[in-house]
Amino acid sequence: MKIVDLESFLSPEWGKTSNGFVTTQFGAALEFIVQGAREVTLKFAKKYEGLSLVMSLNGENWHEINVENDVINLSVTDGRYILLVRSIAGNQMTLWTNPITLVSCQIDAGELAPIATNVNYITFIGDSITAGEEMIEHEPHPELSYPELIAEMVHKPLARIGYGGSGLTPSAPFQEPTAVEALWHVAPNVERPRVTSDLVIVNYGTNDYNYGATVQDFCFGLRVYLLELIKRFHDAKIVLLVPFNGAFKEVFEQEIKRFDCFVLLDTTPWKISPQQVHPNILEHERAAKLLLGGLI
């Protein structure tokens, strides 16, 4: 078996540490081209309860992989592979406090090559909707979520910053990570890799509204967050989505007047997930098409 360097195969949701590469993100990706190998072995730091990935070969249908122990042995043929972290036991808070650590990658023969691209990333930021949670009953499916679909449509690599229960005020039920911390870190004290994005799409406010944030609280939280977005993505076009439930539309309209680098897209006419918080698979597909139409 031959050890290969993982770093060039990992999406920006993975951070480098002395123990390996860590992630706390549903949808964190591992992507490579197989040339002559027949088996790829991925080793994790330990067994993670309920850890599952999904895998696609050459853009075909996704297949789920349940990680029973701390090692995955993949039978492969030549082609382009993408693997995404799909789920883990517990919730997003569990994942943030217990990051997944990928230790090594080995192949039996041949080579693994990175996906060569000079295209800028498209970055999606938000809460559980952005992460693709609860799309089928209570199961996350980041591979079917609107950020993944749009990235495929525009042929751009995807960077995702999406944590369930998060928001821009103390009313949001999960405060680890905060929205600001998530911009800069992929796990506690682990820096988020910097990539060049020319388009950033932000979807916050649903949890703040659903858990009782006042207009004043959200106004303050949004004002602070917009400044942080400018620091992180000062060369990008930044699109703010009015939450699918229409929350705080007037606050968004008011606050972006202070800047000339934000575009506001009103999603309320789309009527995405009117009966529940989390869109289902068909609603994610519709949101992707409508959002792409609003951006062009």
Side-chain angles (χ1 to χ4, degrees), residues 13 24-26 91-93 95-97 123-134 145-147 159-192 197 199-268 270 272-273 276-279 287 291 294:
E13 294 78 45
T24 57
Q25 177 68 69
F26 296 135
N91 54 32
Q92 183 66 72
M93 180 69 79
L95 190 51
W96 180 259
T97 56
T123 297
F124 285 83
I125 306 173
D127 51 31
S128 56
I129 297 174
T130 298
E133 294 187 45
E134 300 197 23
S145 63
Y146 77 88
R160 187 191 323 238
I161 306 172
Y163 291 95
S166 60
L168 304 183
T169 72
S171 296
F174 288 177
Q175 296 295 320
E176 293 185 46
T178 64
V180 170
E181 184 178 11
L183 285 177
W184 302 99
H185 294 91
V186 297
N189 302 313
V190 180
E191 184 178 353
R192 183 177 295 277
S197 291
L199 179 59
V200 178
I201 299 169
V202 183
N203 186 357
Y204 273 126
T206 299
N207 288 313
D208 303 285
Y209 179 82
N210 287 345
Y211 288 88
T214 66
V215 168
Q216 184 177 7
D217 284 344
F218 192 76
C219 182
F220 177 77
L222 179 61
R223 188 173 302 176
V224 170
Y225 191 68
L226 294 182
L227 292 171
E228 208 70 20
L229 283 173
I230 292 171
K231 283 194 288 185
R232 180 74 187 193
F233 301 106
H234 51 273
D235 292 326
K237 175 183 179 180
I238 305 176
V239 178
L240 305 176
L241 304 185
V242 173
F244 295 147
N245 62 5
F248 304 115
K249 178 182 175 182
E250 293 78 11
V251 176
F252 281 102
E253 292 172 338
Q254 170 188 318
E255 288 303 313
I256 66 169
K257 291 178 181 178
R258 303 171 181 271
F259 308 96
D260 58 5
C261 55
F262 295 106
V263 175
L264 183 64
L265 190 57
D266 184 7
T267 69
T268 50
W270 302 354
I272 301 294
S273 62
Q276 71 280 333
V277 174
H278 296 96
L291 178 52

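Bear in mind that the values here come from a model prediction, so they are computed numbers and not experimental data.
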4.5 Å side-chain heavy-atom contact, E133 and F26: yes

Residue Q216 excluded, over 12 heavy atoms near CD under 6.0 Å: no

Residues that F220 engages under side chain to side chain contact (heavy atoms under 4.5 Å, CB included), provided they are two or more places apart: V224

R160 side chain to T123 side chain, donor-acceptor N/O pair below 3.5 angstrom: no

I161 versus A182, closest heavy-atom pair with distance: CG2-O, 3.6 Å

Pairs touching residues 232-241 that satisfy side chain to side chain donor-acceptor pair (under 3.5 Å), sequence neighbours left out: none

Donor-acceptor pair, side chain of N207 and main chain of S166, under 3.5 angstrom: yes

Whether over 12 other heavy atoms sit under 6.0 Å from E228 CD: yes

Y211, OH: over 12 other non-hydrogen atoms inside 6.0 angstrom: no

F174 versus G164, closest heavy-atom pair with distance: CD1-O, 3.1 Å

Heavy-atom side-chain contact between I238 and V263 under 4.5 Å: no

Flag side-chain contact, heavy atom, 4.5 Å: Y204 against V202: yes

Check: S128 and E134 side chains under 4.5 Å, non-hydrogen atoms: no

Side chain T267, main chain V242, donor-acceptor under 3.5 Å: yes

CD (Q175) with more than 12 external heavy atoms under 6.0 Å: yes

Residues in salt bridge (charged side-chain N to carboxylate O under 4.0 Å, His left out) contact with K257, at least two apart in sequence or another chain: none

Least distance between heavy atoms, A172 atom then G167 atom: CB-N, 3.5 Å

Pairs satisfying salt bridge (charged side-chain N to carboxylate O under 4.0 Å, His left out), at least one member in residues 202-227, at least two apart: R223-E255

Closest non-hydrogen atom pair, A287 against Y146: CB-CB, 4.4 Å

Whether T169 side chain and S171 backbone form a donor-acceptor pair below 3.5 Å: yes

Using distance only, find each side-chain donor-acceptor pair of residues 244-252 under 3.5 Å and give its atom names and separation, not counting sequence neighbours.
from: N245; atom 1: OD1; to: A247; atom 2: N; distance (Å): 3.0
from: K249; atom 1: NZ; to: D266; atom 2: OD2; distance (Å): 2.9

Between S273 and H278, a side-chain donor and acceptor under 3.5 Å: no

W96: partners by ring-ring contact (aromatic ring centres under 6.0 Å, His included), with sequence neighbours left out: Y163

4.5 Å side-chain heavy-atom contact, W270 and L265: yes

Taking every non-hydrogen atom, the tightest pair across N203 and P243: OD1-CA, 4.0 Å

Q25 side-chain N/O to G162 backbone N/O, donor-acceptor pair under 3.5 Å: yes

